[in-house]
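Worksheet: the structure to be examined is printed underneath.
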Amino acid sequence: MIGILALQGDVREHARAFADLGVDTSEVRRRGDLQGLDGIVLPGGESTTLSLLLESTGLFDPLERELNAGLPVLGTCAGLVLLATRVEDGRPDQRTFGVIDCTVRRNGYGRQRYSFETMLHRSSSGTPPPTAPDGVGAPWSEGGELPAIFIRAPRVVSVGPDVQVLARIARLSVRNWSGQDSSALSGPETEEHGGDLRGDGSAGGDPALCRQGNALGSAFHPELTNSRDVHRLFARMAGVKGAGL
Amino acid sequence: MSDGDGASERTTGGFVVKRGLADMLRGGVIMDVVTADQAKVAEDAGAVAVMALERVPADIRRDGGVARMSDPELIVGIQEAVTIPVMAKARIGHFAEAQVLQALAVDFIDESEVLTPADEAYHIDKWPFTVPFVCGATNLGEALRRISEGAAMIRSKGEAGTGNVVEAVKHLRSIIGDIRRLTQADSAELFGWAKSLGAPIGLVREVAEAGRLPVPLFCAGGIATPADASLVMQLGAEAVFVGSGIFKSAEPERTARAVVEATAHFDEPDTVAKVSTGLGRAMPGEELSELTERLAQRGW
């Protein structure tokens, strides 16, 4: 059974993704809901709101204990912010679970007008990371592509040595939906598109999907696409059964 | 699509990312704020977004005159004060105000009946915009017309600035009741529904099949207490806009926090009771029969 934190955000889309794989899910709203879970999802939403509600419901501390004890967790977008060890541009009092050793910058790609869809490629994601001890590798299905939707997304600005980067965003090329080249847009945030190349010789740009131990964090929203590759990967990490796995 | 050098196209402004932001706000509270300080209070209380305004609807109603888009200086000041999404209102049909709001990089544009309409025949064509739009609706036909024009979120209109939830309930029940009836209609009847709703048949079919709107349905217009928020969430709203209800109450910080918790735990009366306790005076509110103007009648 995979629990989905259901305090705020896009809970239904995660439930549907697991249903497509034949994996059972339940909603987590209070302490007792943590019982008997094989894994938990922290969905997309507003990370500041989720932090406050986790505290007020008394879920933060027991969930933190579970995660530190190895409960598999998938965090998407705001969920990744909650898993990171360091948050830039967050609220000063924002607590996180700190189970993925990385620094994320909230809204690191700019405001909503810069939210984007793209395709992640195996070819631009650098050297495949070593397979984790549980034998679960990277999310690539046969085509080596993964559709990704970034909505006011956190930007992973650095990762620690124990983090496997499973997918990276490719280098910059922005096109507006109406065909207009956004690089022609003037505005205070245009420069936020830049700086994608990390200068460390890695093939692509920023990390988009990261794993450390039993924690999987994505800066994008796999639940908003038709691809189930990320949810399949997580279901395998959690060791649950499903007809579609 | 595929490429060898690691470059890949990014597309901004597609409907998927517009509706996606609306989805991320589900289960949350969006608060009207008129200063950067109020915006911080809202963020501290757990709001998922703020609506930057010069005057809250209760004051617009009291002052009269033409209500327009806010001064960009106010909007930018609020954008700089908070990290959560910032929304702002444009007049119905006033696409130039909407262009200005997009240039300011607001995260959502509310084409709102709370402001004085600029066009008596047409709403804004919202498709060419990169920034998503939310529009008000009083019934299913109006909701689907706005979606056909490109709205990425629908909110009930209610009757803004009154602190009286009765109209929001009426509009939600109308929209959700008709959605339920649509799911029971056969394929031939759907054409009759499209005609009577004044909505495109494609969208009518989509709603009949899914049993919900193709974009999130939020509630606005008259929500003043935690129990109001619980009520509209139980009726089927997916999130709540609170306008005058927060900063016209005796204790804005506590009221804001209480409405956030009551929205997240809308189906747990114990929690709603706990957060409602000792909040002090709610906004005074108005009886609808005493109103000289119904804002909800603006737009079509």
Side-chain angles (χ1 to χ4, degrees), chain A residues 6-13 29-30 44-46 48-49 51-53 56-57 77-78 89-91 106-107 110-121 123-124 143-145 149-152 168-178 182 187-189 193 203-205 221 224-225, chain B residues 1-29 43-49 76 79 82-87 102-108 127-132 216 238-239 257 260-261 263-265 267-268 271 275:
Chain A
L7 297 173
Q8 191 272 313
D10 67 335
V11 177
R12 186 169 70 222
E13 285 74 8
R29 291 168 180 272
R30 51 179 100 204
E46 272 303 311
T48 51
T49 305
S51 295
L52 277 164
L53 290 169
S56 67
T57 49
C77 194
D89 297 336
R91 293 165 44 79
R106 285 186 62 220
N107 309 326
R111 297 184 192 281
Q112 173 63 15
R113 65 186 276 191
Y114 303 114
S115 291
F116 59 95
E117 305 158 62
T118 191
M119 197 65 84
L120 307 180
H121 300 278
S123 59
S124 52
E145 290 188 334
I149 297 172
F150 292 77
I151 296 173
R152 288 174 47 93
R168 289 181 185 272
I169 308 181
R171 248 174 265 159
L172 178 65
S173 164
V174 183
R175 198 174 65 95
N176 187 278
W177 174 78
S178 56
S182 292
E189 294 180 73
H193 291 304
H221 291 283
L224 295 184
T225 70
Chain B
M1 274 293 175
S2 182
D3 47 74
D5 66 351
S8 185
E9 213 162 65
R10 295 185 195 176
T11 307
T12 60
F15 197 68
V16 165
V17 296
K18 292 179 177 177
R19 191 191 52 209
L21 180 57
D23 285 324
M24 296 314 140
L25 304 178
R26 293 198 327 245
V29 181
E43 185 178 48
D44 288 348
V48 289
V76 170
Q79 284 175 318
V82 295
T83 63
I84 55 179
V86 175
M87 304 186 172
Q102 174 160 294
L104 294 173
V106 303
D107 296 295
F108 237 103
W127 290 108
F129 286 81
T130 303
V131 169
E238 295 181 279
R257 185 66 189 259
V260 167
E261 296 204 19
T263 301
H265 300 282
D267 56 353
E268 300 167 23
T271 304
V275 302

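Quick note on labels: first sequence line is chain A, next is B, and so on, each numbered from 1.
Closest heavy-atom contact between Leu52(A) and Glu43(B): CD1-O, 4.1 Å. Val17(B) approaches Gln112(A) most closely through the heavy-atom pair O-NE2, 3.0 Å. When all heavy atoms of Arg152(A) and Pro85(B) are compared, the closest pair comes out as NH2-N, 3.3 Å. In terms of heavy atoms, Asp107(B) sits closest to Arg111(A) at OD1-CB, 3.4 Å. The shortest heavy-atom contact between Gly14(B) and Glu117(A) is CA-OE2, 3.7 Å.
Between the side chain of Arg29(A) and the backbone N or O of Ala264(B), at least one donor-acceptor pair lies under 3.5 Å. With hydrogens and angles disregarded, a donor-acceptor distance shorter than 3.5 Å links the side chain of Thr49(A) to the backbone of Ala47(B). At least one donor-acceptor pair closer than 3.5 Å links the side chain of Gln8(A) to the backbone N or O of Arg26(B).
Taking SG of Cys77(A) as the start and CE of Met24(B) as the end, the distance is 6.5 Å to the nearest 0.5 Å. For the atom pair CG of Asp10(A) and CG of Leu21(B), the computed distance is 11.0 Å after rounding to the nearest 0.5 Å.
Residue contact with chain A, scored on non-hydrogen atoms closer than 4.5 Å, is absent for Arg19(B). For Arg12(A), the parts lying near chain B are the backbone and the side chain together; criterion is any non-hydrogen pair under 4.5 Å. With a 4.5 angstrom heavy-atom cutoff, Thr48(A) touches chain B only via side-chain atoms. The part of Glu268(B) that comes within reach of chain A is its side chain, from C-beta onward, which places non-hydrogen atoms under 4.5 angstrom from that chain. Heavy-atom distances place both the backbone and the side chain of Leu7(A) under 4.5 Å from chain B. Using a 4.5 Å cut-off between heavy atoms, Ala49(B) makes no contact with chain A at all.
Looking only at side-chain heavy atoms (C-beta outward), Thr271(B) and Thr57(A) stay at 4.5 Å or farther from each other.
Note on Val131(B), Asp44(B), Val29(B): by heavy-atom pairs under 4.5 Å with chain A, the leading option is Asp44(B). Counting heavy-atom pairs under 4.5 Å between each of Thr83(B), Val16(B), Asp23(B) and chain A puts Thr83(B) at the top.
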